[in-house]
Amino acid sequence: MLAEKLGFFHSISSQLGRDYIKSHFDQETLRQKENYEKGLLFDSDWMFRIVQQKTKEIFEQSQEQGGIIYDGSPRTLYEAKELCNFLTGLIGRENIKIIYIDIDENELRRRIERRLICNNSPEHVFIKSGNLKPGSPCPESDGILIERDLDKKEIFDVRMEKYKKETIPALEFLKRKHKVITINGNQPIEAVRNDITRALDL
Ligand SMILES: [Zn+2]
């Protein structure tokens, strides 16, 4: 929604990672590919390098009005520190906005169990309903809706544990060093959107 509204690039880390492993075959990348196929997350330093490279590319292309919505990283303290340092040098601290969508764990679990993702564009995300089920055509007409293995219960638990261990420290760092806007994620999608739009003064 934000990317569309602002005309910014939507950077989805997992997608950047997947694209990278399709076209690079060095030892390190092959190791990341193996981990990814097991349902593990990409390593922080590897992920950061790819996000950084993409960021440079985007800002070189669009120097005036450009911007990036980061989705999926920074996920660890390492990535948060590196990305904030890098962006501060590139665009200035005042141009970095951080949004924390705070959601109850049970609600998150409930939503992920009902989540469908387009097999062609991972930014097309829907909730299962009467006419949207696995195998339905994507309402944006470019693919088929699927349930991702990554959204299964066992992986959810592993990810949640990783979140508490690795992402919470990143969030604490961001809260100390930058302004973090907290949005209540337990509300319906529309209300979350409105709160973000209002908080960013858009
Ligand atoms: Zn789609």
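Both backbone and side-chain heavy atoms feed into the values below; hydrogens, waters and symmetry mates do not. Counting starts at 1 for both ligands and their atoms, following the listed order.
With waters neither drawn nor counted, the protein N/O/S atoms under 2.8 Å from the Zn ion (ligand 1) amount to 4.
Arg111 has its side chain out of reach of Val125: every pair of non-hydrogen atoms, C-beta onward, lies at least 4.5 Å apart. By the 4.5 Å heavy-atom criterion applied to side chains, Ser11 and Leu16 are counted as neighbours.
Checked for salt-bridge contact, Arg110 and Glu107 meet the test: a charged N lies under 4.0 Å from a carboxylate O. One finds no salt bridge joining Glu113 and Arg109 here, because no Lys/Arg side-chain nitrogen approaches an Asp/Glu carboxylate oxygen to under 4.0 Å.
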In a table with atom names and distances, give each donor-acceptor pair under 3.5 Å that connects a side chain of residues 39-56 to protein atoms at least two apart or in another chain.
residue	atom	partner	partner atom	Å
Asp43	OD2	Arg31	NH2	2.9
Asp43	OD2	Gln32	NE2	3.1
Ser44	OG	Thr76	OG1	2.5
Ser44	OG	Glu79	OE2	2.9
Lys54	NZ	Glu57	OE1	3.4
Thr55	OG1	Val51	O	2.7
Thr55	OG1	Tyr70	OH	2.8

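Partner Asn106 forms a side-chain contact (heavy atoms from CB on, under 4.5 Å) with one of Leu108, Ile103, Asp104 and no other, that one being Asp104.
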